[in-house]
Structure formats: C-alpha cells, structure tokens
Colleague: 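Just passing along the structure, written as structure tokens.
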Amino acid sequence: MEKYGEEREERKEKEAILPPLPYAEKGKVIMRFAPNPNGPATLGSARGMIVNGEYAKIYDGKLVLRFDDTDPRTKRPMLEAYEWYIEDLAWLGYRADEVVYASKRISVYYEHVEKLIEMGHAYACLCKKDEFKRYRDSGIECPHRNLPPEESLDIWEKMLGGEFEEGEAVIRIKTDMKHKDPAIRDWVAFRIIFESHPLVGDKYIVYPTLDFESAIEDHLHGITHIIRGKDLIDSERRQKYIYKYFGWEYPVTKHWGRIKIHEFGKLSTSSIKKEIEKGTFTGWDDPRVPTLRALRRRGFESEAIKKFFLSLGVGENDISVSMKNLYAENRKLIDEKANRYFFVESPVLIEISGVEGVEGKNNIKLPLNPVKGGFRTLKASNRVYISENDLKRFEEGNVIRLKEFCNIRLIDKRNLEFKFAGWKIEGAKKGKNIIHWLPVEDSMDCVVLAPERDHSGKVERAVVNEVGKVVQFERFAFCRIEGVARNESSEVRAVYTHP
RNA sequence: GCUCCGGUGGUGUAGCCCGGCCAAUCAUACGGGACUCUCGAUUCCGUGACCCGGGUUCAAAUCCCGGCCGGAGCACCA
C-alpha cells in the first residue's frame with residue numbers, strides 16, 4: 001500500500017534522463033565535443049553539446065571542447081565561430097573544462113606520425129588519388145607500402161619542406177589492405193594543402209586528417225567516452241589501428257543516427273552559408289535558419305532545447321522530428337512568464353459609432369500576465385484596428401466582442417461601419433467572435449520576423465518596455481521583442497518564437 | 001556494388017542484452033467535452049504501434065534464420 005503511494009509521487013516529476021553510460025565511473029569520465037567551426041552551432045551541434053555535456057555532469061566528469069579545424073580549404077573554419085561555439089555551449093549550461101584547437105597543435109601530430117613511420121606502421125605514399133583507389137578496391141598493397149621507414153621519413157621531410165605539390169604525397173596508416181570493409185584500408189593521415197589557415201596562417205602546409213588528429217587527441221586528453229553521430233562510426237575502426245600500434249586503450253563509443261527536422265529539411269551548414277552569401281538569409285541568426293543563435297534570437301530557452309534532445313535519447317536509428325516538440329517544451333517554460341499584448345496583423349481601421357463618453361470609460365484594463373497578474377491599459381477609442389483575417393469572418397449584422405472592451409455590431413462591411421452594441425460580454429462569450437483590437441491612439445507599427453514569412457501590423461505601445469523579452473501576442477503567437485527602430489516610424493521589430 | 005547499422009502508434013521514445021508481470025511506457029500530435037473575455041494555458045475523455053515470413057519455446061516486441069524497407073561509410077571533408 002505504501003509503495004503504491006510512493007510510486008505515484010515519483011510519477012509526476014519524471015525528467016528526461018539519459019541512460020547510464022557503460023563503464024562509467026563517477027569522477028573519472030571525460031567527454032568531448034568536437035565540432036568543426038566552419039559555421040556556428042546548429043540544432044545538430046546542440047545534440048552533441050547536450051548529450052556529452054550532460055553525461056559529463058551526471059558523472060562529475062570533465063568536458064573537453066575540441067575544434068577539429070584541420071582542413072583550411074574544404075571545411076574552412078570561420079574565425080568568429082570559435083567564440084560562438086563557446087558562447088552557445090555556455091548558453092546551454094555547460095562549461096568546457098578545456099578548449100583545444102587542433103590547428104594549434106599540429107606539431108604534436110607530426111611527432112606521433114613520425115613515430116608511426118619509424119615503427120613501420122605508417123608510410124609515405126606517392127600514388128595518385130585514383131591510382132590508390134584501384135589498389136584499395138582490389139585489396140592490393142601499393143608499391144610504397146613497404147618502403148623502408150627511412151625512405152618514408154625522407155619523403156615526409158620533403159613534404160614538410162614544400163618539395164611536393166598538393167596531391168603528390170600523403171602519409172597513410174597501415175591497416176589491412178584485405179580488410180573486408182574497403183573504407184578501412186590504409187587511410188590517409190596527412191596531406192598537403194597550400195592554403196592559409198584562419199587561425200594559424202601559413203604556418204603549415206601539411207595537415208592531418210580528422211581521423212588522425214582525433215585519434216591522437218582523444219588519447220592525449222584521456223577521453224573515456226565518445227558519443228557522436230553514426231557517420232563517424234568507421235572512424236573508430238580506422239583509429240583503432242593507431243591505438244593498437246601505440247598500445248593505447250580506445251574510449252567507449254556510442255553513436256546516434258541522423259536527425260532530420262521537418263521544418264528545416266536538409267539545411268546544412270554549407271548550404272546555409274551559400275544562401276547567406278546569396279542574400280536569401282540575412283545572416284546566421286536569421287529566424288529561418290536552424291542555428292542556435294537564431295533560436296536564441298527567436299526567444300527559445302536553452303532548457304527547452306535541452307529537454308527536447310534528451311527526450312530523443314541516443315538511438316542509432318535515423319529520426320525525423322517536428323519542431324512542434326520543441327515548441328511544446330518551450331511553451332511550458334515561457335507561457336507563465338510572457339506578458340500578453342495585442343498585435344493586429346494586416347490592420348483594418350474601423351470606426352464605431354456610439355462609444356464615446358459612455359459611462360465615463362476612458363481606459364480599458366487588460367490582464368498582463370496569467371500568473372503574475374498585473375494589467376495594461378488601452379484607450380477606449382471609437383477608432384480601432386482589427387485584423388483583416390478577423391474581419392473576413394464576419395457578416396453584416398454580426399455582433400463582435402472586442403476583447404475586454406465592448407461589443408460592436410457590423411453594420412456595413414464595405415464601408416467598415418460598426419455600431420456600439422453593449423459593454424457586457426454575455427452573448428459574445430461562446431464562439432469565435434471574441435477578437436483582439438487596438439485603439440489608434442495606442443498603436444505602433446510592428447513587423448514580426450518569422451520562419452515562413454514576415455508579418456506586419458500594429459502593436460500596443462507598451463511593448464517598448466519588453467525589449468529583449470518574449471511576450472505573447474494574443475491569438476497570434478509567442479514573439480520576442482527585439483527592438484524599436486529609431487526613425488520617425490518607430491516601428492517595433494519582433495521575432496516569431498512559436499505558436 | 002562492397003562493408004556496417006537500424007526498423008515499437010502520425011512523430012519521437014521506454015521495454016529488447018537477462019523470453020513470461022507488455023491485451024506494451026511516456027511525450028507530442030490528432031479527435032471530442034469542460035474551463036478561460038487568446039487560435040495560449042489548464043482539465044477530462046478518446047484514437048492510435050511491436051516491418052513481413054518462418055523457426056526455437058509451455059511462452060517471443062524480446063532469441064535464431066530469411067526477406068523487405070530505411071540509413072551510414074567506401075574522400076588527400078568533418
């Protein structure tokens with residue numbers, strides 16, 4: 001009997017919680033999050049930050065933020081993005097115990113590859129790309145594979161000395177040319193790239209590949225667990241050769257599948273970049289883009305994003321989720337905080353005959369917040385804006401309730417003629433005829449930047465006190481008030497959060 | 001093509017390792033009612049799933065085999 005009661009108590013505060021991490025010991029876990037800063041963090045990056053960060057927290061462990069920025073060309077790092085990643089990580093509530101920039105540690109990787117060459121576990125390969133591909137596909141060792149280490153080392157020195165052109169020489173890790181998975185066979189660890197690096201300039205012309213750099217760094221930083229996308233699942237198989245050669249122990253790994261967000265489709269960092277350059281998007285924080293910066297701008301709470309990802313878990317199957325789930329999480333957090341205001345989209349100015357001076361009403365009090373209480377006031381005017389969308393729904397003779405204000409009767413739709421029809425709500429209470437409105441005297445222009453299209457209309461003057469905050473435009477959506485233009489129109493700019 | 005991985009309601013997810021307590025959890029979505037001077041919140045009720053076919057077993061969502069479907073890797077990208 002008692003047990004039953006306890007169970008019921010626990011049921012109500014059920015938090016999305018990550019399953020236990022295999023072989024994890026409290027205080028000894030070291031996780032890492034390793035992005036390429038070729039653009040700002042996206043929703044996808046958030047998953048990496050949250051899952052890894054959360055496990056580090058759960059086990060009182062450490063979190064290493066490592067920038068895998070070793071390709072200055074194909075995945076060229078963006079200078080500002082380094083700092084943005086740190087900001088976004090902090091926003092989500094995680095702190096990196098250590099921040100590592102791979103591009104600044106290239107000499108460390110040189111030392112390791114030299115050792116491997118000396119040991120005969122890596123070699124300098126002079127095959128052309130497609131030439132090697134043929135060897136790999138047919139499982140035959142290339143002629144350079146069994147070069148004596150001294151010769152490989154010699155070529156390596158020449159690579160570093162700039163005596164080779166791009167593509168003429170690479171360093172490969174010996175695995176097994178007969179490995180049943182061709183993807184594993186003698187992979188490239190270093191290649192020549194004549195391109196200035198945004199962070200380290202022209203210091204290097206020989207760069208390590210992700211597989212090599214990552215393998216070395218994970219060991220050097222004592223990473224105990226790696227959780228990443230399953231696109232990197234083969235990395236593990238490749239990197240394990242290095243671990244074997246050095247006698248190191250490979251971290252415990254876990255992978256998540258591909259995630260597709262219905263609303264954003266296949267937007268990748270590089271495609272967003274292209275659209276920004278073309279001018280389709282205004283920037284990395286354009287509300288139409290799935291970056292964390294954009295979501296923050298829209299007024300999402302990091303806690304909602306966190307819960308959203310924790311609820312997805314770390315399964316290996318590919319998923320396709322809707323932003324509606326994120327909206328639901330966010331709504332739970334902001335509904336009670338957001339103050340209520342009226343925003344009239346596509347405003348139509350109407351005149352109501354017979355309101356003025358009635359019973360001495362000058363101002364109308366409207367509730368400001370459903371939990372905190374408070375109120376805002378609007379002038380009891382006979383000239384008000386209502387939304388075109390609402391107007392369309394009514395016919396002549398209909399009685400419409402202007403929320404918290406009065407009832408009006410539509411007399412002549414064509415000439416927008418309305419007549420005062422009483423103060424009491426009574427008859428209007430049921431149904432869809434309660435609408436929001438704005439007195440001309442208290443309204444300002446407003447534009448709402450939204451994912452599908454921008455909305456323009458009129459908003460209550462009082463929102464100027466809500467800059468930076470998320471409010472709810474009643475019967476419209478939650479929006480974040482971004483600012484007020486300084487020009488004579490003093491237009492309010494808001495960003496759409498979600499319905 | 002080769003190599004891996006995965007398939008639980010519309011969408012996610014728990015359960016699968018250690019078969020029975022699963023006529024399958026939770027969230028979200030959807031439908032309907034109540035409440036509220038918001039198309040928000042709250043509340044009540046409801047709809048809805050173990051990919052298919054064999055096998056093992058007293059018993060299978062759970063184990064085995066085959067098929068189908070989906071995805072990833074096969075880059076001098078990350």
Side-chain angles (χ1 to χ4, degrees), chain A residues 11 14 16 19 34-38 67-71 73-77 102 125 127-130 132-133 136-137 139 166-172 179-185 187-193 206-211 213-214 228-238 255 257-260 262 269-270 307-308 310-313 315-322 324-329 331-332 334-336 338 340-342 366-367 370-371 389-390 401-407 424-426 428-430 432-436 472-478 498-499:
Chain A
R11 270 179 69 133
K14 201 147 140 208
N36 177 341
N38 62 337
F67 292 107
D68 286 342
D69 57 350
T70 57
D71 186 338
R73 178 134 64 214
T74 320
K75 290 278 172 79
R76 175 160 250 267
C125 178
C127 294
K128 290 267 170 289
K129 206 199 282 189
D130 43 327
F132 187 85
K133 184 175 161 57
R136 184 187 55 217
D137 291 347
E166 286 189 17
E168 283 184 348
V170 295
I171 300 298
R172 291 185 184 279
H179 191 108
K180 58 179 180 174
D181 184 351
I184 310 303
R185 298 172 190 166
W187 50 275
V188 172
F190 285 87
R191 75 295 209 202
I192 300 164
I193 304 175
V206 178
Y207 290 89
T209 56
L210 169 84
D211 278 321
E213 170 266 310
S214 174
R228 58 187 163 195
K230 72 175 183 185
D231 49 319
L232 291 172
I233 221 159
D234 282 341
S235 270
E236 176 172 350
R237 288 192 265 265
R238 281 194 281 259
H255 301 91
R258 257 196 19 160
I259 176 166
K260 202 172 97 201
H262 294 328
T269 303
S270 40
K307 285 187 171 153
F308 172 72
L310 291 179
S311 78
L312 299 185
E316 227 174 279
N317 41 355
D318 306 315
I319 54 174
S320 176
V321 289
S322 166
K324 284 182 181 173
N325 293 284
L326 215 205
Y327 294 168
E329 292 294 355
R331 194 150 44 223
K332 283 178 201 159
I334 63 172
D335 186 68
E336 58 181 46
R340 269 56 175 172
Y341 292 96
F342 286 160
L366 300 99
V371 175
N389 296 325
D390 283 327
R401 172 72 179 174
L402 298 181
K403 196 170 182 247
E404 306 280 358
F405 180 22
C406 66
N407 304 327
K424 298 253 161 57
I425 187 165
E426 272 125 49
K429 190 151 182 170
K430 298 271 183 207
K432 301 277 186 201
N433 57 349
I434 300 173
I435 67 170
H436 56 108
Q472 189 201 46
F473 286 156
E474 292 192 46
R475 303 208 314 134
F476 181 72
F478 288 95
H498 54 70

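Because the structure is a prediction, the values reported are computed rather than measured. Here is how names work: the chains are called A, B, and so on, in the same order as the sequence lines, proteins then strands, and each is numbered from 1.
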Colleague: Regarding A/V188, tell me which of base, sugar-phosphate or nothing describes its non-hydrogen contacts under 4.0 Å with the strands shown.
Modeller: sugar-phosphate
Colleague: If you measure from the P atom in B/A27 to the same atom in B/C44, how many Å do you get, rounded?
Modeller: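 The answer is 11 Å between these two P atoms.
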Colleague: Nearest to the side chain of A/R401, which nucleotide is it out of B/G71, B/U38, B/C37?
Modeller: B/C37
Colleague: Of the listed nucleotides (B/C37, B/U3, B/U38), which one gets closest to any side-chain atom of A/Q472?
Modeller: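 Nearest nucleotide to the side chain: B/U38.
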Colleague: Give the nucleotide from the list B/A78, B/C76, B/C39 with an atom nearest to the side chain of A/R238.
Modeller: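 Looking only at heavy atoms from C-beta outward on A/R238, the closest nucleotide is B/A78.
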Colleague: I'd like to know if A/K403 reaches the base of B/C37 with its side chain such that a donor and an acceptor end up less than 3.5 angstrom apart.
Modeller: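 No pair found.
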Colleague: Heavy atoms only, 4.0 Å cut-off, all strands: where does A/G257 land among base, sugar-phosphate and nothing?
Modeller: nothing
Colleague: Base, sugar-phosphate, or nothing for A/I184, non-hydrogen atoms under 4.0 angstrom?
Modeller: nothing
Colleague: When all nucleic acid strands are considered with a 4.0 Å heavy-atom cut-off, which category describes A/S235: base, sugar-phosphate, or nothing?
Modeller: nothing
Colleague: In whole Å, what separates the C1' atom of B/U62 from that of B/C22?
Modeller: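 The same atom, C1', in both gives a distance of 10 Å.
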Colleague: Return whichever of A/K332 or A/P370 has its heavy-atom-nearest nucleotide of RNA chain B closer to the 5' end.
Modeller: A/K332
Colleague: B/G40 and B/U47: how far apart are their C1' atoms, nearest whole angstrom?
Modeller: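 Roughly 24 Å separates the two C1' atoms.
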Colleague: What is the nucleic acid contact for A/D390, judged by heavy atoms within less than 4.0 Å: base, sugar-phosphate only, or nothing?
Modeller: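 Answer is base: heavy atoms of A/D390 come under 4.0 Å of a base.
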Colleague: Hey, is the side chain of A/E329 pairing donor to acceptor with the base of B/U28 inside 3.5 Å?
Modeller: no
Colleague: Starting the side chain at C-beta, find the nucleotide from B/G12, B/G73, B/A78 nearest to A/L312.
Modeller: B/G12
Colleague: If you check every side-chain atom of A/A183, which of B/U11, B/C74, B/A78 has the closest atom?
Modeller: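 Nucleotide nearest to A/A183's side chain: B/C74.
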Colleague: Within the 4.0 Å heavy-atom criterion, would you say A/D181 contacts the bases, only the backbone, or no part of the nucleic acid?
Modeller: base
Colleague: Sticking with atom P, work out how far B/A60 lies from B/A72, rounded to a whole angstrom.
Modeller: 36 Å
Colleague: Quick check for you: among B/G40, B/C4, B/C77, whose closest atom lies nearest to any side-chain atom of A/R237?
Modeller: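 Among B/G40, B/C4, B/C77, the one nearest the side chain of A/R237 is B/C4.
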Colleague: Could you work out the separation of B/G54 and B/G73 based on their C1' atoms and round it to a whole Å?
Modeller: 32 Å
Colleague: What contact category does A/C406 fall into here, base, sugar-phosphate, or nothing, at under 4.0 angstrom with non-hydrogen atoms?
Modeller: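 Since no nucleic acid heavy atom lies under 4.0 Å of A/C406, the category is nothing.
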Colleague: Can a salt bridge be assigned to the pair A/R237 and A/D234 using a cut-off of 4.0 Å between side-chain N and carboxylate O?
Modeller: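 Salt bridge present between A/R237 and A/D234.
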Colleague: Categorize A/F478 for me: base, sugar-phosphate, or nothing, with a 4.0 angstrom heavy-atom threshold over every strand shown.
Modeller: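 Sugar-phosphate, no base atom in range.
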Colleague: Any salt bridge linking A/D318 with A/K230? Criterion: basic side-chain nitrogen under 4.0 Å from a carboxylate oxygen.
Modeller: yes
Colleague: Could you pull out the closest heavy-atom pair between A/R172 and A/C125, with the gap in Å?
Modeller: NE-SG, 3.5 Å
Colleague: Heavy-atom nearest nucleotide on RNA chain B for A/E166 versus A/D335: which residue maps closer to 5'?
Modeller: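 Closest to the 5' end, via its nearest nucleotide, is A/D335.
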Colleague: Contact class for A/E404 vs. all strands (heavy atom < 4.0 Å): base, sugar-phosphate, or nothing?
Modeller: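 Contact class for A/E404: base.
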Colleague: Check every strand shown and say whether A/R331 touches a base, only sugar-phosphate, or nothing at a heavy-atom separation below 4.0 Å.
Modeller: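 A/R331: backbone/sugar contact only, no base atoms under 4.0 Å.
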Colleague: Determine the interatomic distance between C1' on B/G7 and the same-named atom on B/C51; round to the nearest Å.
Modeller: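 About 7 Å, rounded to a whole number of Å.
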Colleague: Checking all strands, does A/S320 fall into the base, sugar-phosphate, or nothing category for heavy-atom contacts under 4.0 angstrom?
Modeller: sugar-phosphate
Colleague: Determine the interatomic distance between C1' on B/C74 and the same-named atom on B/G66; round to the nearest Å.
Modeller: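 Comparing C1' positions in B/C74 and B/G66 gives a spacing of 26 Å.
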Colleague: Can you identify which nucleotide, out of B/G73, B/C37, B/U38, has its nearest atom closest to the A/I425 side chain?
Modeller: B/C37
Colleague: Among B/U28, B/G71, B/A72, find the nucleotide with the atom closest to the side chain of A/D231.
Modeller: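 Given the options B/U28, B/G71, B/A72, the side chain of A/D231 is closest to B/A72.
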Colleague: Check every strand shown and say whether A/I319 touches a base, only sugar-phosphate, or nothing at a heavy-atom separation below 4.0 Å.
Modeller: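 If one applies the 4.0 Å heavy-atom cut-off, A/I319 turns out to touch the sugar-phosphate alone, with no base involved.
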Colleague: State, to 0.1 Å, how close A/Y207 and A/T70 come at their nearest heavy-atom pair, and which atoms those are.
Modeller: CB-O, 3.4 Å
Colleague: With rounding to the closest Å, how many angstrom separate the C1' atoms on B/C76 and B/A29?
Modeller: 47 Å
Colleague: When all nucleic acid strands are considered with a 4.0 Å heavy-atom cut-off, which category describes A/K180: base, sugar-phosphate, or nothing?
Modeller: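 A/K180: backbone/sugar contact only, no base atoms under 4.0 Å.
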